[in-house]
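The shown structure was predicted, so the numbers you read here are calculated from the model rather than taken from an experiment. The sequence lines fix the lettering, A, B, ..., with proteins before strands; numbering per chain opens at 1.
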Protein chains: 2
Amino acid sequence: MSISKISVVIVDDHSIVIEGLKSLLEHGHNLDITAHFTMGKPAFEFIGKERPDVILLDINLPDINGIDLCRQIKEAVPETKILALSNYTERNIIMQMLQSGANGYMLKNISGQGLLNGIAAVQNGEIYFSREINEIIGNPSRFELKEVPRLTKREKQVLALVAEGKTTTEIADILHVSPLTIETHRRNLHYKFQVRNVAELVMAATKCQFL
Amino acid sequence: MSISKISVVIVDDHSIVIEGLKSLLEHGHNLDITAHFTMGKPAFEFIGKERPDVILLDINLPDINGIDLCRQIKEAVPETKILALSNYTERNIIMQMLQSGANGYMLKNISGQGLLNGIAAVQNGEIYFSREINEIIGNPSRFELKEVPRLTKREKQVLALVAEGKTTTEIADILHVSPLTIETHRRNLHYKFQVRNVAELVMAATKCQFL
DNA sequence: TTTTTTCTACTGGTTTTCGGGTATTTTTTC
DNA sequence: GAAAAAATACCCGAAAACCAGTAGAAAAAA
């Protein structure tokens with residue numbers, strides 16, 4: 001156990017949340033809330049200068065995306081531990097956060113004790129997830145397991161126009177190519193998404209957030 | 001100004017938020033946080049008995065929906081002022097909350113002062129919205145202005161099957177009716193959504209949250 | 001009970017999509 | 001510079017969707 005307290009920085013766009021975290025963390029433990037920010041940029045500058053131990057980082061920020069901020073912080077100050085604190089339960093958001101170097105991920109409904117456990121764990125070099133997040137990571141849906149098809153630029157254009165209800169000839173007209181070309185693109189889209197008609201295609205594409 | 005303080009009850013599933021609200025509201029103003037709950041049911045029972053002045057109500061609750069809880073509270077204790085405190089910026093969620101009798105709606109990124117203003121306003125009989133909410137209510141998108149078509153039970157069934165990529169004959173088979181009947185339903189769906197083909201239909205239906 | 005809505009079914013014809021191929025040119029990537 | 005990927009284009013036939021109209025039975029609402 002080191003003599004100095006763990007320095008913690010809070011980054012969250014909700015002042016309510018910041019107050020809550022301060023209140024939950026202040027009760028005589030060996031950590032010190034060095035600063036708190038509602039914006040990403042000033043937080044980044046402060047972190048680069050002061051090099052705190054742990055950052056409680058929200059994903060929704062007014063100026064920049066929390067996932068990008070995470071990557072930037074990890075690049076600038078790799079030894080800083082980042083604990084994501086968000087409401088997002090989507091598996092791919094959690095994965096993006098980890099990809100960006102986060103040391104842990106917790107939902108905002110966490111208890112004060114859970115929070116302290118998380119901070120202690122990441123400070124100790126562990127990767128920490130709250131209970132619900134463990135569940136989400138461990139139980140991917142059938143949909144989440146099959147990979148999102150990689151579409152070419154042209155295919156994305158055609159897909160968007162198909163979803164707008166345009167017919168093959170209309171699309172051909174818009175893109176100044178032969179309708180036969182568009183039919184080929186459509187056939188390839190069906191193949192890539194493993195579907196048999198437009199209805200399924202549009203549904204599959206929306207689920208993969210192409211639309 | 002009455003001699004007794006305004007009694008406030010907080011209902012939110014996040015202990016962080018509860019702590020934050022307590023911290024922001026406790027600083028020597030004329031209000032008193034009577035109780036706080038992370039669940040709807042115990043909150044409802046308490047409110048029915050103690051009849052507090054103002055309730056800060058979240059929409060996401062573990063046991064019941066905040067919108068339904070609002071309606072129930074207003075039915076049981078109509079004089080109680082309900083101030084919705086949520087992250088939802090969707091116009092139709094706000095509208096549902098108002099429909100259910102809420103006296104105000106604020107986003108969780110509100111400041112301490114904004115919170116106090118809101119509580120004072122609803123206690124004074126006003127309907128209060130934070131700045132962003134005023135914007136959202138006042139600026140409906142083109143999509144939000146056109147009403148959602150009312151579908152019959154059968155049409156909903158057909159729509160769901162169409163979205164699954166089923167063909168007319170397959171649907172007819174599943175519902176044990178003539179394919180010609182299904183074609184009529186499809187035609188009616190196209191008319192109600194004002195679309196010209198399945199692609200548009202599926203898109204329109206997903207936007208209206210039918211799928 | 002009357003009226004309205006919903007569900008059902010049909011005729012007949014046009015347009016569009018879908019599935020199986022093949023193949024050349026252009027652009028990227030290695 | 002060679003190889004791979006993407007975009008282009010074509011043929012053919014079958015299946016499905018789309019359009020316009022009509023209309024009777026059943027269920028729900030007035």
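Residues A:R51 and A:T80 have side chains that never bring a donor and an acceptor to within less than 3.5 angstrom of each other.
For A:T184, counting side-chain heavy atoms from C-beta on, the closest listed nucleotide (D:dA17, D:dT8, C:dT8) is D:dT8. Considering only the side chain of B:T167, D:dA16 comes nearest among D:dC19, D:dA16, D:dA7. Taking the side chain of B:H185 as heavy atoms from C-beta on, and the options C:dC18, C:dA9, C:dC7, the nearest nucleotide is C:dC7. Here the side chain of B:V177 is nearest to one of C:dC18, C:dT11, C:dT8, namely C:dT8.
Taking for each of A:K192 and A:P179 the nucleotide of DNA chain D with the nearest heavy atom, the 5'-most of the two is the partner of A:K192.
For A:F37, the ring pair (Phe, Tyr, Trp, His ring centres under 6.0 Å) partners two or more places apart in sequence, or in a different chain, are A:F46.
Salt-bridge formation is detected for the pair B:R196/A:E170: a Lys NZ or Arg NE/NH1/NH2 atom is positioned less than 4.0 Å from an Asp or Glu carboxylate oxygen. The pair A:K207-A:E90 does not meet the salt-bridge criterion, since no charged nitrogen lies less than 4.0 angstrom from a carboxylate oxygen. A salt bridge does not link B:K5 to B:D53: none of the charged nitrogens lies less than 4.0 Å from a carboxylate oxygen. The existence of a salt bridge linking A:K108 and A:D12 is confirmed by a sub-4.0 Å separation between a basic side-chain nitrogen and an acidic carboxylate oxygen.
What separates CG of B:D173 from P of D:dA16 is a distance of 12 Å, to the nearest Å. Whole-Å rounding puts the B:L180 CG to D:dA17 P distance at 13 Å. Distance B:K153 NZ to D:dA27 P: 12 Å, rounded to the nearest Å. What separates CG of B:L151 from C1' of C:dT6 is a distance of 13 Å, to the nearest Å. For the pair B:H190 NE2 and D:dA20 C1', the computed distance is 15 Å after rounding to whole Å. Between A:N197 atom CG and D:dA14 atom C1' the separation is 15 Å, expressed in whole Å. Summarising the geometry, the separation between CD on A:Q157 and P on D:dA7 is reported as 8 Å, rounded to the nearest angstrom. The interatomic distance linking B:L175 (CG) with C:dT8 (C1') rounds to 12 Å, in whole Å.
Across B:L25, B:I82, B:V9, B:V11, a single residue satisfies side chain to side chain contact (heavy atoms under 4.5 Å, CB included) together with B:L56, and that is B:L25.
Taking the side chain as every heavy atom from C-beta outward, B:E155 and B:K192 approach each other to under 4.5 Å.
Residue-level contact check: A:N188 touches neither bases nor backbone, having no heavy atom under 4.0 Å from any strand. Residue-level contact check: B:R187 touches the bases, meaning some heavy atom is under 4.0 Å from a base atom. Heavy atoms of B:T181 sit under 4.0 angstrom from at least one base atom.
A sub-4.0 Å separation between OP1 or OP2 of D:dC18 and a side-chain N or O of B:R186 is present. Residue B:T152 places none of its side-chain N or O atoms closer than 4.0 Å to OP1 or OP2 of C:dT5. Contact annotation: B:T168 reaches the phosphate of D:dA17 (side-chain N/O to OP1 or OP2, under 4.0 Å).
The rotation axes computed at either terminus of the helix from C:dT1-D:dA30 to C:dC30-D:dG1 lie 80° apart, taking five pairs at each end and rounding to 10 degrees.
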